[in-house]
Amino acid sequence: MYLILWEYHVKPQERAEFEEIYSPTGAWAELFQKGEGYLGTELLHDETSPRRYLTIDRWESKAAYETFLSVQEQAYKEMDARCEGLTEHESLLGKWTLEQN
């Protein structure tokens with residue numbers, strides 16, 4: 001399994017919209033579902049820092065994720081631009097491979 005983790009610091013007035021768009025059934029998940037091998041998204045909210053969130057996007061493999069990006073590049077860029085005003089800061093925490101025995 002391939003995981004992509006992002007951290008976001010959301011503008012106070014944008015929390016509701018952010019949560020809607022980044023939720024497991026939100027607009028990002030809808031876009032990702034167009035890619036074969038997408039397994040789901042988790043949205044985590046920091047209990048001690050109310051404007052801090054993490055997302056975990058799960059894919060069957062790195063290849064599935066990269067294929068999605070190449071096919072949906074324009075739609076991805078448009079969604080990213082649409083969401084730009086929701087956060088004060090975002091950072092990619094990493095891309096991880098879950099080793100399964």
Side-chain angles (χ1 to χ4, degrees):
M1 186 181 312
Y2 193 64
L3 308 168
I4 298 103
L5 282 71
W6 285 90
E7 176 184 39
Y8 302 91
H9 293 268
V10 178
K11 294 178 181 176
Q13 68 276 17
E14 304 295 351
R15 283 183 55 199
E17 184 174 359
F18 177 88
E19 289 177 3
E20 182 178 322
I21 291 171
Y22 286 81
S23 78
T25 58
W28 275 110
E30 289 176 7
L31 175 60
F32 293 154
Q33 287 172 358
K34 295 178 180 179
E36 226 176 283
Y38 172 67
L39 300 174
T41 293
E42 295 177 55
L43 177 63
L44 300 125
H45 185 217
D46 188 334
E47 290 182 355
T48 61
S49 181
R51 294 177 24 219
R52 184 174 177 232
Y53 292 82
L54 297 178
T55 58
I56 303 171
D57 301 316
R58 293 178 285 114
W59 294 82
E60 286 180 359
S61 66
K62 180 178 180 179
Y65 174 68
E66 290 177 345
T67 299
F68 161 79
L69 283 180
S70 68
V71 171
Q72 297 293 335
E73 180 180 11
Q74 187 59 38
Y76 187 98
K77 287 179 181 180
E78 289 170 6
M79 179 70 72
D80 194 43
R82 172 184 167 199
C83 297
E84 192 172 294
L86 301 175
T87 62
E88 293 173 346
H89 175 74
E90 69 178 61
S91 60
L92 176 63
L93 297 179
K95 298 177 180 179
W96 307 79
T97 302
L98 178 63
E99 301 297 332
Q100 298 176 348
N101 296 335

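As the structure is a prediction and not an experimental result, all values here were calculated from the model.
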Colleague: I need the single residue from Thr41, Leu54, Leu43 that forms a side-chain contact (heavy atoms from CB on, under 4.5 Å) with Tyr22. Which is it?
Modeller: Leu43
Colleague: With distance as the sole test, does Ser23 use its side chain to make a donor-acceptor pair with the main-chain N or O of Thr25 at under 3.5 Å?
Modeller: yes
Colleague: Under a single-linkage definition using a 4.5 Å side-chain heavy-atom cutoff for Ile, Leu, Val, Met, Phe, Trp and Tyr, are Leu92 and Leu98 assigned to the same hydrophobic cluster?
Modeller: no
Colleague: Is the closest side-chain heavy-atom distance between Met1 and Arg58 below 4.5 Å?
Modeller: yes
Colleague: Return the CZ to CD distance between Arg51 and Glu14, rounded to the nearest 0.5 Å.
Modeller: 11.5 Å
Colleague: Taking everything shown except Glu36 itself, do over 12 heavy atoms lie less than 6.0 Å from its CD?
Modeller: no
Colleague: Rounded at 0.5 Å granularity, tell me how far CG in Leu5 sits from OG1 in Thr55.
Modeller: 7.0 Å
Colleague: Name the one of His89, Glu90, Arg15 that satisfies side-chain contact (heavy atoms from CB on, under 4.5 Å) with Val10?
Modeller: Arg15
Colleague: Can I get a per-line list of side-chain donor-acceptor pairs under 3.5 Å for residues 77-84, giving both atom names and the distance, sequence neighbours left out?
Modeller:
unit_1, atom_1, unit_2, atom_2, d
Lys77, NZ, Glu73, OE2, 3.2
Glu78, OE2, Gln74, NE2, 3.2

Colleague: How are the rings of Tyr2 and Tyr65 set relative to one another: parallel (under 30°), tilted (30 to 60°) or perpendicular (over 60°)?
Modeller: tilted
Colleague: Taking Leu31 as the starting point, is it possible to reach Ile4 by hopping between hydrophobic residues whose side chains are less than 4.5 Å apart?
Modeller: yes
Colleague: Please report the shortest heavy-atom distance between Ala64 and Gly37, naming the atom on each side.
Modeller: CB-CA, 4.1 Å
Colleague: What about Phe18 and Tyr53, are their ring centers closer than 6.0 Å?
Modeller: yes
Colleague: Got Lys11 and Leu86 here, is their nearest side-chain heavy-atom distance under 4.5 Å?
Modeller: no
Colleague: Can Leu39 be reached from Ile56 by stepping across I, L, V, M, F, W or Y side chains whose heavy atoms are under 4.5 Å apart?
Modeller: yes
Colleague: Report the residues that fulfil ring pair (Phe, Tyr, Trp, His ring centres under 6.0 Å) with Tyr76, sequence neighbours left out, ordered by chain and then residue number.
Modeller: Trp28
Colleague: Taking a hydrophobic cluster as the set of Ile, Leu, Val, Met, Phe, Trp and Tyr residues connected by side-chain heavy atoms closer than 4.5 Å, whether directly or through intermediates, do Leu93 and Leu3 fall within one such cluster?
Modeller: yes
Colleague: Inspect the surroundings of CD in Gln13 and state if more than 12 heavy atoms from other residues, nucleotides or ligands are less than 6.0 Å away.
Modeller: yes
Colleague: In chain order, what residues pass the salt bridge (charged side-chain N to carboxylate O under 4.0 Å, His left out) check against Arg52, with sequence neighbours excluded?
Modeller: Glu7, Asp46
Colleague: Using only atom types and a distance under 3.5 Å, with no angle test, would you say the side chain of His45 pairs donor to acceptor with the backbone of Pro50?
Modeller: yes
Colleague: According to a hydrophobic-cluster definition based on side-chain heavy atoms being under 4.5 Å apart (Ile, Leu, Val, Met, Phe, Trp, Tyr only), do Tyr38 and Ile21 belong together?
Modeller: yes
